[in-house]
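Beneath this line is the structure, given in structure tokens, with notes to follow.
Side-chain atoms are counted along with the backbone in the values below, which use heavy atoms only and exclude waters and symmetry mates.
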Amino acid sequence: MNDRYNGKETWEEWRKEWALEDRYNFKTIEKKWQAIWDKEQAYKVEIDKNKEKFYALVEFPYPSGAGLHVGHPRSYTALDVISRKKRMQGFNVLYPMGFDAFGLPAENYAIKTGVHPAVSTKENIANFTRQLKSLGFSFDWDRCISTCDPEYYKWTQWMFIKFFEKGLAYKDKIAINWCPSCKVGLANEEVVNGHCERCGAEVVRKNKEQWMIAITKYADRLIDDLNDLDFIERVKSQQVNWIGRSEGAELDFELTDKDGNALDGKKMTVFTTRPDTTFGVTYMVLAPEHEFVQAYMSRFENPQEVQDYVEATAKKSDLQRNMSDDKTGVELKGVKAKNPYTGDLIPVFISDYVLTGYGTGAVMGMPGHDQRDYDFAKKFGLPIISILEGVDISEKAGEGDAPHINSGFLNGLKNDEAMKAAIAYAVEHGFGKSKVNFKLRDWVFSRQRYWGEPIPMVYCEHCGWQPIPESELPLTLPEVPDYHPNDEGESPLSKAGDWLWTKCPKCGAKARRETDTMPNWAGSSWYFLRYCDPHNSEAFASKEALDYWMNVDWYNGGMEHTTLHLLYSRFWHKFLHDCGLVPTKEPYNRRTSHGMILAENGEKMSKSRGNVINPDDIVAAYGADTFRLYEMFIGPFEQVAMWSDESLMGVYRFVNKIYGLFKKVADIEPTKDDLRAMHKCILEVTERVDQLKLNTAVSSLMTYVNYLSGLEKVSAELYLNLLKMLSPFTPHLAEEMWARMGKDTLIVAESWPVGDKTLAEDNVVTMAVQICGKLRGTIDVAKGMPQAEIEKLALSLDNVKRQLDGKEIRKIIVVPNKIVNIVA
RNA sequence: GCGAGCGUGGUGAAAUUGGUAGACACGCCAGACUUAGGAUCUGGUGCCGCAAGGUUUGAGAGUUCGAGUCUCUCCGCUCGCACCA
């Protein structure tokens, strides 16, 4: 009995049976081959040093209760196509799948229903796995991981301790974004337009002790190392943008009373990207939260006014702060700042357009050449000076690279030189230095949540924060009576009785465990490493496995993850590299991003709109192969695409056509034309898959199938090669027809056909004949025809003669095999 | 405002990177076989025109023998960041 022969002993016996079918029965065919791949472990992969490795990675999904979305298979199929082709080309391909299984939805569901998140997550993972398997992806399921598995998060915790040991993880009381509805602190990245990304409630500021990770220490490298990577441009630019490096200088302004007497020797440092414009500075502004304001309140002449403004600002959310076009502020009366370049005394203000978290929280106002300062100066009647020659500042702040004026020793210098000279002067006189600032802040790593990795730290009265010993890892999630945060906003883990209290690993005194959990970015920051060696209990992955498999050769994922996940995981990887734990400084060689799939009317698919397409329904109605092929054909991979049932039908027809073509297959020699069509197709498909032009790779296949359909009989050689090329796209159908052709191997293990350029070329080419660049006719020309003959042929065309009538030919340009252009 | 990208038929889109614009597919039209099925097959299909022919890649200019492709100006759209000094 043989599975591939549908239970018959021999191919001949099976053949008698299928002769009765004339429709493509995808339901039985797809199930059949999925079972055979499973049984024969067709996609299991091990280290094989004799073969070149290829590591293809797709972002692992969060196993939501809604199941797979049609967007997931777009990414998974694309890299499945690439993986399958690479495998056929002799590469040792690692293409793994897993689950990013910690997260809010499971916890919210638990709060609502009381079902433990581990239980619902497990069910969801089972459902996802079923769906993924129904699509025939060539994942090595033996390597499947889940971030909520203690065997996995043991290592996430272990790595956190490494961050702590290296001084990169620290606790700090900071104003965090606080969602009053979720009772949870949010990273800046989780705040969308001032609202909680999850629940939509307006985010407020709240001071809390949080674990932080010092990602800013890697800011420079996270930008600079992008240069060597093959990431698409918009991904790179978004990373650079997010990190937001700006180069400038810090300058100290001495503070005085209103008569110019030094104020306790106090200096105020500002950050500026334009130290060369300092001669145009007419005032200074501090963030309302600046520590100076409270410390020197009693020295101001208008403390009540100042305090009122500070309080009004505190009530504003970031959103309100951003939205106000109008500049507001209050002068700190009785205080002046001394411009270190000119010695001028300038007024000092507080205003909410200056942010406390960026730079020094203080800026010098140079209204002539900065629009925000210009607006502020207009509002408060402050002088506006131009220090750039010929730049108009009557309507708005002036820009441009021009010789400086009104600028003392900088006069006549242009921007760059003036900048250098200004900094050199500041350094020489000890009031400034060059400085690089970043928008990127350290990573807020605490969540007041249950369903995440426990942070493996304990607090001891005597010894402070201590990591738990490695032998106690994993620190598993305790059971809790309910999943609500407590009223102080502490995580549900604070309700975990016995678990909460332990001994200090250092002095043995009673100590309390950290009750916050890690953000869901934690587990996804290093999962690609675990895939290399997923069952290792001694290490997160062996050195041998990492040396062999890393880097990820090709990583595909959604644009929504190009700032956060990509940045975090690159940072995390770099840190491990610095610790000597991974061999490479960057994890991903190539990053691509698939476009979203929208509903037919161009709207986003969402439950509330009721326009969600369930992959299960498509697979049931048309089969996985049609579904896969359609998603590849839908449009350029990196662009958004609109779902269309009608286009899907077209692909379904095509798949049936391939099935139907089998009846024409005969044991005959291919003709020259046949071979030309075949080699052309091979060359095109091979190249287009490598370039991720999957939609046009599919059209090449369609063109070839159209050609074959027009033949009386199809040579077996042609059909077999067609099946090989189809197998990455429609693996089930390809296996089935391969078996029907009498093959007892798996097509997935066959070799990829090699195209021959010479055989793909026609020996007669059609050349365009143009007059002054306008098409006037075509000529069929044998390859290698001498230029003079081509010209003669072109000139003999009736339409050409007519067009040239009475005109003098000045020049004839012949581009071999392409075009003849007659200039008259 | 800053950064990235895009603009081609009724629709989704191709174009070997400067060389016959519209491949492939959807839709539509006509026909065939059938006789209600979201079946299959054949032919046609950018626009104007009966035709010869003309004309066409958001608008305009430029470079070139030749521009969808390169350069400049303008218009429009999408995404990301956004009072980041």
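Taking the six-membered ring for Trp and thresholds of 30 and 60 degrees, A:Trp643 and A:Tyr630 have ring planes more than 60 degrees apart, a perpendicular arrangement.
If you check residues 272-285 of chain A against RNA chain B, the residues with a heavy atom closer than 4.0 Å are A:Thr272, A:Thr273, listed by number. If you check residues 760-769 of chain A against RNA chain B, the residues with a heavy atom closer than 4.0 Å are A:Thr766, A:Ala768, listed by number. Against RNA chain B, the stretch residues 684-709 of chain A makes heavy-atom approaches under 4.0 Å through A:Lys693, A:Asn695, A:Thr696, A:Ser699, A:Met702, A:Thr703, A:Asn706.
B:G9 takes the syn form, because its glycosidic angle lies no more than 90° either side of 0. Against the 90° criterion about 0, the sugar-base torsion of B:U17 places it in the syn range.
Ion pair A:Arg590/A:Asp230 flagged as a salt bridge, since at least one NZ, NE, NH1 or NH2 atom sits closer than 4.0 Å to an Asp/Glu carboxylate oxygen. Contact check on A:Asp375 versus A:Lys378 returns no salt bridge, with no Lys/Arg side-chain nitrogen under 4.0 Å from an Asp/Glu carboxylate oxygen. A salt bridge links A:Arg591 with A:Glu59: at least one charged nitrogen is closer than 4.0 Å to a carboxylate oxygen.
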Could you run down the sub-3.5 Å N/O contacts of the protein with nucleotides 1-9 of chain B?
none

Heteroatom pairs (N/O) under 3.5 angstrom, protein to nucleotides 62-68 of chain B:
unit_1: B:C65; atom_1: O2'; unit_2: A:Asn821; atom_2: ND2; d: 3.1
unit_1: B:C65; atom_1: O2; unit_2: A:Asn821; atom_2: ND2; d: 2.6

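Rounding to whole angstrom units, CZ of residue A:Phe654 and C1' of B:A25 are separated by 11 Å. One atom, OH of A:Tyr652, and another, P of B:A25, lie 18 Å apart when rounded to the nearest Å. Here the C1' atom of nucleotide B:A39 and the CG atom of A:Asn656 are 11 Å apart, to the nearest Å. The separation between A:Leu440 atom CG and B:G80 atom P is 19 Å, rounded to whole Å. Here the C1' atom of nucleotide B:U16 and the NZ atom of A:Lys818 are 7 Å apart, to the nearest Å. The interatomic distance linking A:Glu646 (CD) with B:A25 (P) rounds to 16 Å, in whole Å.
Residues meeting the side-chain contact (heavy atoms from CB on, under 4.5 Å) test with A:Ile819, sequence neighbours left out: A:Ala768, A:Gln770, A:Val815. Judged as a ring-ring contact (aromatic ring centres under 6.0 Å, His included), and not counting sequence neighbours, the contacts of A:Phe279 are A:Tyr341, A:Phe409.
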For RNA chain B, produce a single dot-bracket line, 5' to 3'. Pairs: Watson-Crick or G-U wobble, both distances under 3.5 Å. Symbols: ( ) within strand, [ ] crossing, | other strand, . unpaired. (((((((..(((......[....)))((((((.......))))))(((....)))..(((((..]....))))))))))))....
Show me the donor-acceptor pairs, under 3.5 Å and distance only, between side chains in residues 431-440 of chain A and residues at least two apart or in other chains.
none

List the atom pairs, donor and acceptor, that lie under 3.5 Å between side-chain atoms in residues 698-705 of chain A and the rest of the protein, sequence neighbours left out.
unit_1: A:Ser699; atom_1: OG; unit_2: A:Asn695; atom_2: O; d: 3.3
unit_1: A:Ser699; atom_1: OG; unit_2: A:Thr696; atom_2: O; d: 3.1
unit_1: A:Ser700; atom_1: OG; unit_2: A:Glu684; atom_2: OE1; d: 2.7
unit_1: A:Ser700; atom_1: OG; unit_2: A:Arg688; atom_2: NH1; d: 2.8
unit_1: A:Ser700; atom_1: OG; unit_2: A:Thr696; atom_2: O; d: 3.2
unit_1: A:Thr703; atom_1: OG1; unit_2: A:Ser699; atom_2: O; d: 2.8

Which pairs of donor and acceptor atoms, one on a side chain in residues 281-292 of chain A, lie under 3.5 Å apart (sequence neighbours left out)?
unit_1: A:Thr282; atom_1: OG1; unit_2: A:Pro383; atom_2: O; d: 3.0
unit_1: A:Tyr283; atom_1: OH; unit_2: A:Tyr353; atom_2: OH; d: 3.3
unit_1: A:Tyr283; atom_1: OH; unit_2: A:Asp373; atom_2: O; d: 3.1
unit_1: A:Glu289; atom_1: OE2; unit_2: A:Arg321; atom_2: NH1; d: 2.8
unit_1: A:His290; atom_1: ND1; unit_2: A:Phe292; atom_2: N; d: 3.1

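The residue A:Arg653 sits close only to the backbone: its heavy atoms come under 4.0 Å of sugar-phosphate atoms, none of a base. Counting any heavy atom pair closer than 4.0 Å across all strands shown, A:Gly650 reaches sugar-phosphate atoms only and no base atom. A:Phe633 comes within 4.0 angstrom of a nucleotide base, judged by non-hydrogen atoms across all strands.
A donor and an acceptor atom, one from each side chain of A:Asn227 and A:Lys236, are nowhere located under 3.5 Å apart.
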Do nucleotides 44-49 of chain B as a string where each nucleotide becomes B, S or -: B if the base has a protein heavy atom under 4.0 Å, S if just the sugar-phosphate does, - if no protein is that close. ------
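Not a single donor-acceptor contact under 3.5 angstrom links the side-chain atoms of A:Lys439 to the base of B:C81.
Between A:Tyr622 and A:Phe627, the distance separating the two ring centers is not shorter than 6.0 angstrom.
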